Amino acid sequence: MLNVQNISTFYGQICALDGVSLHVNEKEAVSVIGANGAGKSTLLKSIMGEIRPRNGTILLSGKLINSAKTFQLVSRGMTLVPEGRQVFPYLSVWDNLLLGGYTLPYTKRQQMAEEVTEPFPILRERKNQMAGLLSGGEQQMLAIARAMMTSPKILLLDEPSMGLSPKLVYEVYEKISELHQLGTTILLVDQNAEMAIDFCIRGYVLMAGRLVGEGTKSELKSSELVHSSYLG
Ligand code: ATP
């Protein structure tokens, strides 16, 4: 479904991604783990058209998307849940959701908001509250539900565990697993290697802009590199 081939992305002279190749098959759950500054966000931004890789190709469902704009990729079925949630803190939970589907007709938007909050009852309970009053975990769930307003076939998640307590990290991952089981293809990047590996079917290890490892969940779990660098 998603095929990233040998991409390199720069910020001026700084090489943030150096010849990265990965793929995500339909219905798969794929994780990319890596430390601070490894290039995880740059990878997702490069895929989503927020930054242009200098080299390499990116294919979505077999079509080249190197020069596609972000909104075009959303309408082609790929949506990003950004790092740090990025909810609108002074808008209600419900309005945050509706904004996620602003290209839909009004009644369809309301109907979608009902649908996407089915796995997130807390968002329904607090639909009229300002999003900034939600806990970090609830805001993460809102950001995920907002992304689901676009009915993505493939959902990209940037650091879903960021800033959350272990209990909330677990809850957020449970919800992401539910979405995966309901048929959404997932590519996520996270510093929290333990959770990201537990969640995935396959995964990759990114270090200083390069992929240095890949494998199935069990291969990653038994990898010396993963243990020494990320699982301690
Ligand atoms: P984190 O978990 O801290 O977000 P990351 O793995 O997502 O880390 P990136 O944010 O992709 O890493 O950053 C990769 C490299 O690119 C880092 O060296 C970072 O300092 C650099 N970088 C990121 N954004 C910019 C920018 N706008 N300008 C210059 N350098 C940048």
Side-chain angles (χ1 to χ4, degrees), residues 2-24 29-58 60 65-70 73 78-87 89 136-137 139-144 146-147 154-166 168-170 172-173 176 186-200 202-215 220 223 225-232:
L2 178 68
N3 215 325
V4 175
Q5 295 168 348
N6 202 24
I7 62 165
S8 299
T9 303
F10 290 75
Y11 296 103
Q13 300 295 319
I14 300 167
C15 178
L17 290 181
D18 184 6
V20 170
S21 298
L22 60 81
H23 68 276
V24 183
V30 174
S31 297
V32 178
I33 60 167
N36 242 334
K40 303 181 299 300
S41 297
T42 303
L43 173 64
L44 295 190
K45 286 177 183 169
S46 301
I47 294 171
M48 268 320 283
E50 290 181 32
I51 312 170
R52 298 284 171 212
R54 198 174 283 179
N55 308 306
T57 53
I58 307 175
L60 180 63
I65 56 164
N66 278 45
S67 53
K69 300 210 161 51
T70 303
L73 295 174
M78 183 161 69
T79 300
L80 170 70
V81 180
E83 183 174 7
R85 280 81 82 173
Q86 315 285 344
V87 300
Q139 287 188 24
Q140 185 64 61
M141 291 184 196
L142 175 56
I144 295 170
R146 182 180 59 187
I154 176 165
L155 187 65
L156 314 185
L157 293 117
D158 192 346
E159 209 93 40
S161 70
M162 188 177 153
L164 303 181
S165 67
L168 288 178
V169 170
Y170 183 77
V172 165
Y173 266 92
I176 301 170
I186 308 265
L187 171 64
L188 69 79
V189 306
D190 210 327
Q191 265 187 64
N192 189 327
E194 204 172 337
M195 288 305 298
I197 293 173
D198 259 341
F199 161 77
C200 74
R202 284 190 307 112
Y204 296 86
V205 184
L206 188 62
M207 207 177 264
R210 290 180 175 203
L211 285 178
V212 294
E214 66 175 283
L220 291 174
S223 149
L225 167 75
V226 171
H227 267 270
S228 59
S229 306
Y230 305 102
L231 299 178

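For ligands, and for the atoms within them, numbers begin at 1 and follow the listed sequence. These figures come from a predicted structure and were not determined experimentally.
Atom numbering of ligand 1 starts at 1 in the shown order; those under 4.0 Å from a heavy atom of Ala35 are 6 (O). Every atom of ligand 1 with a heavy atom of Glu83 under 4.0 Å away is listed here by number and element: 4 (O). Close approach of ligand 1 to Glu159 is summarised as follows: ligand atoms under 4.0 Å from at least one heavy atom of the residue are 2 (O).
Side-chain contact check for Ser46 and Thr9: at least one donor-acceptor pair (N or O, by modelled atom type) lies under 3.5 Å. Side-chain contact, Thr57 with Asn66: no donor N or O sits under 3.5 Å from an acceptor N or O. Neither side chain, Gln5 nor Ser21, offers a donor N or O lying under 3.5 Å from an acceptor on the other.
Nearest protein heavy-atom neighbour of atom 2 (O) of ligand 1: Lys40 NZ, 3.1 Å. Ranking the protein heavy atoms by distance from atom 3 (O) of ligand 1 puts Asn36 OD1, 2.4 Å first. The nearest protein atom to atom 31 (C) of ligand 1, hydrogens excluded, is given as Tyr11 CD1, 3.3 Å; this is a heavy-atom distance.
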Legend entry - Criterion side-chain contact (heavy atoms from CB on, under 4.5 Å) on Arg52 and Phe10, from CA distance to verdict: CA-CA 9 Å; Arg52 298 284 171 212; Phe10 290 75; over 6 Å; no
Legend entry - side-chain contact (heavy atoms from CB on, under 4.5 Å) between Ile186 and Leu157, worked out: CA-CA 8 Å; Ile186 308 265; Leu157 293 117; 3.6 Å; yes
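At least one N or O atom of Ala38 sits closer than 3.5 Å to an N or O atom of ligand 1. Every N/O-N/O distance between Ala16 and ligand 1 stays at or above 3.5 Å.
With hydrogens and angles disregarded, no donor-acceptor distance shorter than 3.5 Å links the side chain of Tyr173 to the backbone of Leu168.
There is a protein heavy atom closer than 4.0 angstrom to atom 6 (O) of ligand 1. Distance remark: protein heavy atom present below 4.0 angstrom from atom 23 (C) of ligand 1.
Under a 4.0 angstrom heavy-atom cut-off, Gly12 registers as lying outside contact with ligand 1. At least one heavy atom of Gly39 lies less than 4.0 angstrom from ligand 1.
For the residues Ser46, Gly84, Gly37, the heavy atom positioned nearest atom 18 (O) of ligand 1 is part of Gly37. Of the candidates Gly209, Cys15, Ser41, Ala208, Ser41 brings a heavy atom nearest to atom 10 (O) of ligand 1. Closest heavy-atom approach to atom 13 (O) of ligand 1 among the candidates Val32, Leu44, Thr42, Leu206: Thr42.
Sparse packing is recorded around CD of Glu194, with 12 or fewer heavy atoms of other residues, nucleotides or ligands lying under 6.0 Å away.
When side chains are defined from C-beta on, Met162 does not count as touching Gln140, because their heavy atoms never get closer than 4.5 Å.
In terms of heavy-atom proximity, Arg146 sits nearest to Val87 at NH1-CA, 3.6 Å.
With Leu17 as reference, Ile7 is the one residue of Ile7, Asn55, Ile51 to meet the side chain to side chain contact (heavy atoms under 4.5 Å, CB included) rule.
Contact annotation for Gln191 and ligand 1: only side-chain heavy atoms (C-beta onward) come within less than 4.0 Å of the ligand.
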